[in-house]
Amino acid sequence: MDLVINAVRHSIRSAEERPLLYVLRDELGLTGTKYGCGEGQCGACTVLVDGAPVRSCLTPVKAVQGKQITTIEALERDGRLHPVQQAFIDKDALQCGFCTAGMIMSAAGLLKQNPDPTPAQIKSALQGNICRCGTYPRIVEAVRLAAKHA
Amino acid sequence: MPDEQLEIERYELRAGPAYLFAPGRRDFFKILGGGLVVILTQAQAQDRENPELAAWLHIAESGAITVYTGKVEFGQNIRTSLAQAVGEELHTSPAAFSLVMGDTRLTPYDMGTFGSRTTPIMAPQLRKAAAVARQMLTELAAQRWQADAAALVVAEGRVNHPASGASLSFGELTKGQKLTRTIRADVAVTPAAEWKIAGHDLGKVNARAIVTGQEKYTSDLNVAGLLHGRIVRPSAFKAQLVSADLKPAQQMPGVLAVRDGEFVGVVADDPAKLAAAAAAVKTEWKVPPQTNSREIFSWLKTHPASAALPPVVAEVQVEASYMAAYIAHTPLEPRCAVAHWEGDQLTVSTGTQVPFGVQTELAEAFGLPKEKVRVIVPPTGSGYGGKHSGECAVEAARLAKAAGKPVKLQWTREEEFTWAYFRPAAVIDVRSGAQKDGVITAWQFHNYNSGRAALRSPYNIPNQVAEFHEVDSPLRQGSYRGLAATANHFARESHMDELAHALGLEPAAFRLKNATDPRLQAVINAATERFRWGRAKQRPGQGFGMMAGFDKGGYVSACVEVTVANGRVRIDRIVQSFECGAIVNPDQLKNQVVGGTIMGIGGALFESIDFAGGRILNPRLSKYRVPRFSDVPEIDVVLVNRPDLPSAGAGETPIVAVAPAVANAIFDATGKRLRSLPLKLA
Ligand code: FES
Ligand code: FES
């Protein structure tokens with residue numbers, strides 16, 4: 001089976017039922033996407049599929065065949081960070097950083113669809129992403145900042 | 001060890017000192033290579049066996065600067081703050097050097113990274129080491145040039161002689177050298193007022209790696225020939241293995257099934273095979289009867305049976321019991337370990353707050369001398385006191401030994417919820433008495449099971465009784481951010497509210513009446529002023545509540561506003577005042593207070609481990625609610641600065657404020673007194 005990940009076509013050995021998360025991490029070495037729960041509850045595994053945030057731990061690879069899959073490793077373009085990535089640094093919106101990739105992917109997906117979200121819209125779009133370190137207020141600020149710069 | 005007033009749990013007690021090479025010059029250079037080494041010794045360093053060693057700093061012959069510390073990075077930002085301290089004295093940008101942290105082979109013994117004492121203790125130590133290194137480099141250059149050392153300037157990895165224009169890089173100076181210097185605590189360092197790097201806001205040194213997905217946590221590691229493991233778990237706690245049939249799993253291609261006494265696991269060449277391989281091992285377990293979460297509080301009072309409390313004689317008396325459920329740390333990264341044997345030499349990478357303790361666990365498990373065991377701590381997806389133990393490391397090492405290849409063991413979320421350890425459940429009995437004017441005259445406070453932190457009341461109660469009673473806990477329990485201080489504050493500050501109401505006194509005034517410690521008064525005043533405490537309620541369902549307290553060198557007070565509607569509690573606003581001595585970095589301090597407060601919302605409102613018969617009934621994030629974006633109220637932190645006092649940590653104490661203030665606000669809104677955490681109406 002072929003998958004298009006970060007604009008590159010990969011042929012995949014894994015069974016077609018295997019969730020995308022494990023194919024990314026184990027087969028392709030794209031370990032920026034994290035395992036936090038495996039049941040769609042924490043958002044650490046979020047990637048973009050055709051621009052929309054998706055929980056890769058619940059997404060069988062066959063469901064994303066022929067779609068554009070983007071992971072955290074490819075948000076950066078030509079050495080320039082994506083505005084959301086830059087805003088996370090500028091607002092220091094991370095502590096241990098384990099939730100960060102998922103947060104950034106969810107936020108990048110939100111901004112694609114809504115370039116100028118209110119704090120309430122940000123919170124509701126990111127409600128499925130858990131940060132145990134409690135960086136939520138700074139993440140909201142970071143997404144607001146990214147919206148200004150995007 | 002006066003610095004880290006942490007509560008020693010049984011896991012930490014096992015973490016004995018382990019020192020792998022004597023601090024002789026030859027050994028240092030054998031491991032680190034030539035160049036220049038500054039060894040920092042300090043009387044209060046945490047290494048009890050070798051009380052002298054705290055950290056060392058190496059400048060290699062290449063000029064590479066490396067700082068070695070046994071502390072680990074868990075998101076508390078010490079990699080950056082320690083780098084800043086060193087950069088300040090070496091007059092070199094923090095980006096120019098690396099920190100090796102928590103590697104038992106390369107770094108000094110360290111008892112563990114707990115709470116938030118690392119920056120206050122370790123940063124001054126490293127600053128001294130860097131100051132001496134700068135001095136040594138200057139001396140080397142002065143000799144070379146026959147110049148006066150005082151005329152030389154150190155900047156960005158070079159020593160310069162402005163008068164002659166001569167300049168040498170650190171590497172040119174250390175080439176061919178094997179210099180060591182051991183220093184004591186009394187080294188002059190740059191005063192805080194002159195800092196250019198330390199104490200200033202600096203983004204995390206590894207922030208770019210994190211936001212681009214390049215940071216490698218334990219679960220992201222890969223080595224040649226890596227196999228993957230999974231443990232076949234007992235059906236319940238305390239279960240005994242009756243039989244195990246490994247054959248069906250053994251026959252699967254690329255799968256190895258392992259049994260060693262009660263330990264059963266599988267190893268596979270592809271992680272996709274693990275679930276099926278583990279399921280193919282047929283095991284039978286004998287499970288002894290065990291108590292459950294519905295009966296836990298009566299269990300805690302009866303194992304062993306508690307003595308009756310003597311009566312209190314006073315004009316007004318109040319008596320009540322408070323409870324707190326077991327809760328799980330739920331670090332976003334579940335435990336993971338990569339173990340690798342080379343002959344009888346074992347190396348394990350794992351995210352732990354106590355690398356030297358895990359090294360001891362491994363050495364004991366395999367009957368090895370400690371120098372044969374190396375524990376490396378990669379960046380870790382947080383711990384909050386929950387990653388002090390090394391069970392995942394030991395399991396990975398067992399599987400790797402059986403397989404004869406390196407093995408990665410990634411715990412599932414369910415395993416993390418089940419086989420780690422919990423914050424202790426608590427029953428706290430309080431009896432108090434006061435005069436009609438509000439002066440507290442009697443106070444009896446008994447904590448069953450959860451611990452001693454913040455056991456004593458900080459109010460002025462001359463004959464208070466405060467005791468902790470050890471109990472046979474049915475679940476494995478251990479450290480947690482703030483640990484017992486949360487339950488003890490919940491009980492005490494709820495009870496203070498009850499007593500105030502029994503006396504007909506306003507709760508803030510009642511507290512101030514009994515608070516003689518000016519630091520306690522100051523935080524209460526700071527929180528109530530900012531909150532505008534005392535104003536009337538404006539809408540139905542609204543409630544206000546407050547608390548005050550003290551633990552681990554930090555004073556805290558909080559006022560909260562809640563709305564109770566349809567049996568649900570929403571926290572609208574938290575004003576929290578905090579004082580922990582001199583403020584070093586206000587931004588980071590606020591971050592810690594906010595982080596602790598948000599974590600505290602979980603234990604106050606939702607989190608509770610349900611169990612029965614030796615099984616956890618809610619070992620998933622879908623059944624165990626932790627705080628999310630929508631739960632975060634407006635949080636207003638008021639920092640009280642005391643530049644005249646030494647700084648204490650802020651990683652733990654702020655978490656204690658939420659539960660009692662919210663419980664008191666719920667009472668204010670509904671007239672219902674909730675005495676059990678998590679707080680549930682109906
Ligand atoms: S790992 Fe996919 S949502 Fe948690
Ligand atoms: S930064 Fe640690 S979980 Fe979000």
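Order of the sequence lines sets the chain letters (A, B, ...), proteins ahead of strands, with each chain counted from 1.
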Do Phe98(A) and Ile210(B) come within less than 4.5 Å of each other through their side chains, counting heavy atoms only?
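Counting from C-beta outward, Phe98(A) and Ile210(B) never come under 4.5 Å.
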Heavy-atom pairs under 4.5 Å with chain A, option from Gly596(B), Ala272(B), Ala207(B) with the top count:
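Maximum pair count with chain A is reached by Ala272(B).
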Using a cut-off of under 4.5 Å on heavy-atom pairs, state which of Gly595(B), Pro334(B), Pro271(B), Cys336(B) scores highest against chain A.
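Sorted descending by pairs with chain A, the first entry is Pro271(B).
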Under a 4.5 Å heavy-atom cut-off, does chain A meet the side chain of Ile598(B), its backbone, both or neither?
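For Ile598(B), the contact with chain A is made by the side chain alone.
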Measure distances from Pro627(B) to the heavy atoms of chain A and classify the residue's part below 4.5 Å as side chain, backbone, both or neither.
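Looking at Pro627(B), backbone and side chain both touch chain A.
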Option that, when pairs with chain B are counted at under 4.5 Å, heavy atom only, ranks first among Cys99(A), Gly128(A), Cys37(A)
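Top option by heavy-atom pairs under 4.5 Å: Cys37(A).
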Chain B: which of Ala120(A), Gly38(A), Pro137(A) shares the most heavy-atom pairs with it under 4.5 Å?
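Of Ala120(A), Gly38(A), Pro137(A), Pro137(A) has the most heavy-atom pairs under 4.5 Å with chain B.
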Do you know the tightest heavy-atom contact between Phe88(A) and Val211(B)?
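For Phe88(A) and Val211(B), the tightest heavy-atom pair comes out as CB-CG1, 4.0 Å.
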Minimum-distance pair of heavy atoms, taken over all atoms of Val594(B) and Gly134(A)
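In terms of heavy atoms, the two residues are closest at CG1-O, 4.3 Å.
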Would you mind checking chain B against chain A for donor-acceptor pairs under 3.5 Å and listing them?
from, atom 1, to, atom 2, distance (Å)
Lys204(B), NZ, Asp92(A), OD1, 2.7
Lys204(B), NZ, Leu94(A), O, 2.7
Arg208(B), NH1, Glu76(A), OE2, 3.2
Arg208(B), NH2, Glu76(A), OE2, 3.3
Arg208(B), NH2, Gly79(A), O, 3.4
Val211(B), O, Gln85(A), NE2, 2.7
Lys216(B), NZ, Thr31(A), OG1, 3.2
Tyr217(B), OH, Cys96(A), O, 2.6
Tyr217(B), OH, Gly97(A), O, 3.4
Ser219(B), O, Arg25(A), NH2, 2.9
Asp220(B), OD1, Arg25(A), NH1, 2.9
Asp220(B), OD1, Arg25(A), NH2, 2.9
Asp220(B), OD1, Lys34(A), NZ, 3.3
Asp220(B), OD2, Lys34(A), NZ, 2.4
His329(B), O, Arg132(A), NE, 3.4
His329(B), O, Arg132(A), NH2, 2.8
Thr330(B), O, Arg132(A), NE, 3.0
Tyr384(B), OH, Arg132(A), O, 3.3
Tyr384(B), OH, Cys133(A), N, 3.1
Arg413(B), N, Tyr35(A), OH, 2.8
Arg413(B), NE, Gly36(A), O, 2.7
Arg413(B), NH2, Gly36(A), O, 2.9
Gln588(B), NE2, Asp92(A), OD2, 3.4
Asn591(B), OD1, Arg138(A), NE, 2.5
Asn591(B), OD1, Arg138(A), NH2, 3.1
Arg620(B), NH1, Glu39(A), OE1, 3.2
Leu621(B), N, Glu39(A), OE2, 3.0
Ser622(B), N, Glu39(A), OE2, 3.1
Ser622(B), OG, Glu39(A), OE1, 2.8
Ser622(B), OG, Glu39(A), OE2, 3.3
Pro627(B), O, Tyr136(A), OH, 2.6
Arg628(B), NH1, Gln41(A), O, 3.1
Arg628(B), NH1, Gln127(A), O, 2.9
Arg628(B), NH2, Gln41(A), O, 2.7
Arg628(B), NH2, Gln41(A), OE1, 3.3
Ser630(B), N, Gln127(A), OE1, 3.0
Ser630(B), OG, Gln127(A), OE1, 3.3
Ser630(B), OG, Gln127(A), NE2, 2.7

With sequence neighbours excluded, give me every ring pair (Phe, Tyr, Trp, His ring centres under 6.0 Å) pair touching residues 39-66 of chain A.
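Every pair satisfying ring pair (Phe, Tyr, Trp, His ring centres under 6.0 Å) with a residue in residues 39-66 of chain A: there are none.
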Go through the atoms of Ile104(A) and report whether side chain, backbone, both or neither lie under 4.5 Å from a heavy atom of chain B.
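The answer is the side chain of Ile104(A).
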